[in-house]
Amino acid sequence: MTFFNPKDLALLGPELILIGMGLIVLLVDLILPRERKHVNLVLAQIGFVAATAYLALTWPAAKSTAFSNLIVVDGYSQFVKLVILGASILSVAIAPRYLRLEGIYVGEFFELLLFSSAGMMIMVSGNDLLTIYLGLELMSLASYVLTAFLRYSFRSTEAGIKYFLLGSFSSALLLYGISLIYGLTGSTQLDAMGAALKAVSAPSPPLVIALIFILAGFGFKISAVPFHLWTPDVYNGGPTPVVAYMSVGTKAAAIAAFARLFVVAFGVQQGTSWASMVAVLAVLSMILGNTVAVVQTNVKRMLAYSTIGHAGYMLAGVIVAVGGPPQQGLPDGLTALLFYLFGYLFANIGAFAVVIYLGREGQHEEYQDFSGLAQTRPWLAAAMMIFLLSLTGMPPTVGFVGKLYIFYAAISGGYTYLAVIGLLMSAVSLYYYMGLAMYMYMRPPRQGEPTFYPTASLSAAIVLCTVAILAFGIFPGAVVELARGGVLQLRP
Amino acid sequence: MLLSFLVFFPLVGVVLIALVRDSKAAKGIATLISVIEFFASLAMIPLFDPAQKGFQLVIDKPWIETFGIHYHLAIDGLSFVLVLLTTLLSYIAVYCSYTAITEREREYYVFLLFLETGMLGALVSVDLFLFYVFWEVMLVPMYFLIGVWGSDNKLYAAIKFFLYTLFGSVLILVGLLLLYFHYKSGHGGVGTFNLTELIQSPVPSQGDFLFGLSEQWWIFLLFFVGFAIKVPMFPFHTWLPDAHVEAPTAGSVILAGVLLKMGTYAFIRFSLPLLPEASILWAPYMMYLSLIAIIYGALVCMMQKDMKKLIAYSSVSHMGFVTAGIFALNHDGLAGSIIQQLNHGLSTGALFLIVGLVYERRHTKKIAEFGGLSQPMPTYAVLFLIATLSSIGMPGLNGFIGEFTILVGVFQVSKTWAVLASLGIILGAAYMLWLYQRVMFGPCDKPENRRLADLNNREILTLVPLVILMFWIGLYPAPVFKSIQQSVDSTIETMRSANEALYDGYTSYQHGGRPTAGARGAGQ
């Protein structure tokens with residue numbers, strides 16, 4: 001086996017496009033005059049779209065590995081990358097209004113976004129704990145800076161520092177877990193780890209500790225309870241487009257990488273007992289995220305807690321993949337996870353896009369800002385309503401199909417209690433999502449409302465999200481097949 | 001094709017209203033669409049063959065193939081009569097709102113039309129998943145109708161309505177998935193939500209599924225909570241008075257006339273045929289709850305000071321009759337309960353319209369504010385009287401037919417229960433006539449009441465179709481009985497074979513513990 005094969009580079013095409021475009025933005029930004037900074041945005045968007053096109057054109061028919069098994073490319077990784085790129089494209093589209101308002105319309109913003117997405121995608125394709133760690137750090141370092149991007153805002157810098165300190169701590173835990181695993185199995189390569197663990201008859205205490213550390217590291221990025229404490233502050237303080245981006249991208253990348261690690265390395269042996277460890281996180285996330293969201297008065301904080309709840313639903317998919325029946329659990333659980341991520345992408349970024357639409361200098365984002373929106377801006381209110389219904393999981397939206405798939409997988413995998421808790425928590429989530437709808441539809445508009453000037457790209461993103469939610473909610477078949485095909489390629 | 005048209009045509013109206021700027025045009029479009037809907041549903045009458053067994057006018061196309069979900073619409077006698085009721089009441093709901101709704105009219109009609117799509121879809125879906133989708137689609141517009149156009153305490157009532165019903169629906173979803181997986185495991189991993197096929201592979205009614213009880217028992221419980229909240233059965237009824245009191249008139253009409261029927265419809269359509277053994281085991285408890293609802297609802301009515309709240313509680317009592325009829329599990333009870341669903345839609349719908357008419361004039365619903373209204377409003381007095389008599393089950397009007405048939409059914413199960421249920425009729429006469437007396441008779445001593453205008457032509461026209469139907473069903477109910485005959489027969493047939501399987505043909509709930517030789521009661 002040669003160490004380097006030029007063909008390997010082709011497999012990493014989308015990542016290379018993003019990194020290359022990041023470097024171009026960095027250089028171009030130097031020569032651009034101050035009033036022409038929007039060229040950066042166009043360049044970044046070209047990079048993301050090109051990467052997406054590359055991804056779509058080279059959709060894999062089977063699993064292939066590169067760089068001495070460090071990287072794996074299969075339908076599963078490519079589907080998650082599609083979600084990540086979707087989140088990037090939409091976030092870039094909704095950003096300009098906010099960036100102009102806050103006076104941070106600079107090239108570094110887009111460059112960091114490109115690097116961060118590249119990190120996420122490497123993470124998803126990682127077939128070795130070290131590759132995954134590499135991707136995770138590239139993603140994280142860029143997003144720490146992005147969180148603190150409002151340099152003059154006290155809350156943004158606080159959020160950045162908080163995210164950075166806790167994030168470094170969790171990365172350290174993850175590294176420690178990786179080193180323990182290496183000590184126990186003699187490898188950091190996922191398949192080799194799986195083969196070594198297969199020989200172990202029962203989980204030994206060091207192995208359990210190693211998994212706990214790894215869980216902590218990923219749980220932090222996924223914002224699963226009890227590793228969620230940073231989430232509300234970072235969502236509240238961070239720039240809104242960045243929060244929108246992270247809420248989908250970071251979560252998707254971390255949970256997808258974790259699922260691969262969990263399925264390939266741990267799932268082959270003692271699947272159910274491993275799964276029950278994760279089930280604790282899933283149940284706590286669903287309950288805490290959804291109940292605490294009820295008492296929020298700030299929209300971004302509410303969305304932060306609701307993403308914690310959504311993390312719980314996503315984890316349920318991973319649990320079924322590992323703990324469910326051997327032949328069925330894996331495709332059911334992970335297909336459910338992938339479809340859920342896909343639906344969550346449009347609904348969550350759409351909701352943040354509306355927050356940006358209504359945003360004013362000084363960052364309010366309180367529920368009151370939505371008062372009477374149905375009378376002043378009926379179409380915007382209708383779009384927001386659709387996003388909220390999709391997040392709640394009401395038909396005929398894509399969020400409904402996603403939740404249904406998760407519950408379907410949970411029940412068929414023998415985790416009925418996860419489905420029941422999840423369903424009851426959906427009913428709870430209705431209360432706070434509809435609380436916002438109540439402000440939009442049932443309260444009078446506020447006096448002296450300023451006129452909003454959305455950018456064309458912001459409106460386009462909102463329309464796109466709305467159409468996607470309804471279209472894929474009514475006709476989910478094709479996406480389900482795509483996700484399922486990808487998951488079947490993953491099977492170890 | 002006709003059913004697809006019926007279900008989705010209101011959405012055409014939604015799009016048209018979204019395109020116009022003028023609220024007058026919105027009214028016109030909504031009226032036109034709902035009239036066309038009504039006539040389109042009348043077109044079912046020649047196409048529907050009451051003698052045919054099973055479902056008719058079937059449309060069946062694969063929808064989400066991964067889960068075996070089909071776009072599968074069809075009607076039988078039960079849904080046929082309820083679809084007609086729905087399209088009529090939807091039209092009346094639009095027509096009665098012309099002057100009652102004065103702000104944000106375009107949105108109002110959009111939500112009404114959305115609601116019509118949801119209701120009709122739920123009634124004609126034969127795929128359980130599709131049914132669930134429409135069942136949920138009904139919730140959102142109703143939430144807005146109450147929350148935006150309601151009266152003082154509307155926000156509380158709206159969210160209470162939404163939370164209660166959503167809580168019920170998630171339990172229904174769990175039940176649906178359990179049914180689905182049972183079928184799937186028995187058919188080599190191929191699942192379906194098709195009602196007919198699911199009925200043919202029944203869920204085990206014996207054995208230990210959870211805590212020593214069978215799978216059927218549990219699914220029935222899940223369905224029961226979901227459907228009972230919608231009906232609403234005691235003790236899940238507390239959302240109903242709030243929702244009714246706060247809702248605008250049209251909202252109350254639709255809520256009482258159609259949405260409540262969804263619960264009882266679902267009991268007949270899904271719980272009985274899919275879970276026959278569990279239905280028999282649960283039936284006595286269902287009956288107790290129904291009897292409590294009948295008597296408790298009626299007693300609470302006596303105490304009400306608000307007209308709308310009184311009629312809301314009378315709905316609890318009347319719906320108690322419907323559920324009592326269903327869980328008598330015999331031919332008379334079931335047929336009576338279907339008729340009573342229609343009757344309740346007509347008479348309670350009319351009563352809510354009647355309250356709405358004086359509310360529009362006086363902006364109060366307090367009984368004490370009125371008195372002697374028959375002097376300034378004679379036409380109103382006549383129509384109010386007919387609706388009152390229909391509601392209390394006066395022979396010659398529709399209510400009598402329904403309640404009488406139900407009592408015959410309940411009597412075959414237990415004489416005591418029949419006596420208790422008939423107590424509800426007596427109490428019903430008491431509270432309704434007392435209401436009528438306090439509002440319409442006596443001295444008209446309040447000056448603002450003396451100036452009240454009698455009904456105008458539009459207002460009379462909203463009530464007249466309901467009054468005609470009240471007389472028609474009261475005097476000549478045969479066409480309705482004939483339409484629902486096959487549905488009732490096949491359901492009772494399922495119940496009878498389940499009964500034999502369960503009790504080995506000897507003792508059963510239905511026959512008070514006596515041997516079933518000659519199987520009286522079922523399928524006369």
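In what follows, chains are A, B, ... by sequence order, proteins preceding strands, each numbered from 1. Hydrogens, waters and symmetry mates are skipped; everything else that's a heavy atom, side chains included, is used.
Atoms CG and OG, on A:Asn348 and A:Ser390 in that order, are 9.5 Å from each other to the nearest 0.5 Å.
Counting heavy-atom pairs under 4.5 Å between each of A:Gln328, A:Arg443, A:Gln375, A:Glu481 and chain B puts A:Gln375 at the top. Interface check for chain B: of the options A:Ile474, A:Val420, A:Thr416, the most heavy-atom pairs under 4.5 Å are formed by A:Ile474. Ranked by heavy-atom pairs shorter than 4.5 Å toward chain A, the options B:Tyr132, B:Phe144, B:Phe167, B:Phe129 are led by B:Phe144. Across A:Phe400, A:Phe407, A:Phe475, the residue that shares the most heavy-atom pairs under 4.5 angstrom with chain B is A:Phe400. In terms of non-hydrogen atom pairs under 4.5 Å with chain B, the most contact-rich of A:Val480, A:Val401, A:Leu430 is A:Leu430.
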**Stepwise side chain to side chain contact (heavy atoms under 4.5 Å, CB included) test for A:Tyr313 and A:Tyr344** = CA-CA 11 Å; A:Tyr313 293 109; A:Tyr344 177 73; over 6 Å; no

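Both the backbone and the side chain of B:Leu163 come within contact range of chain A, judged by heavy atoms closer than 4.5 Å. Looking at A:Leu389, the atoms closer than 4.5 Å to chain B (heavy atoms on both sides) all sit in the side chain, from C-beta outward. Proximity to chain B (any heavy atom under 4.5 Å) is shown, for A:Ala382, by neither the backbone nor the side chain. In this structure, the portion of B:Phe181 lying under 4.5 Å from any heavy atom of chain A is its side chain and not its backbone. Proximity to chain A is limited to the side chain of B:Phe67, based on heavy atoms less than 4.5 angstrom apart.
The minimum heavy-atom distance between B:Val126 and B:Leu73, with the atom names listed, is CG2-C, 4.1 Å. Heavy atoms only, all atoms of each residue included: B:Gly226 and B:Trp135 are closest at O-CZ2, 4.1 Å.
The aromatic ring centroids of A:Phe472 and A:Phe342 lie less than 6.0 Å from each other. Taking the centre of each ring, A:Tyr408 and A:Tyr405 come in below the 6.0 Å mark.
The cationic atom of B:Arg269 (NZ for Lys, CZ for Arg) does not lie both less than 6.0 Å from the six-membered ring centre of B:Tyr265 and within 45° of the ring axis.
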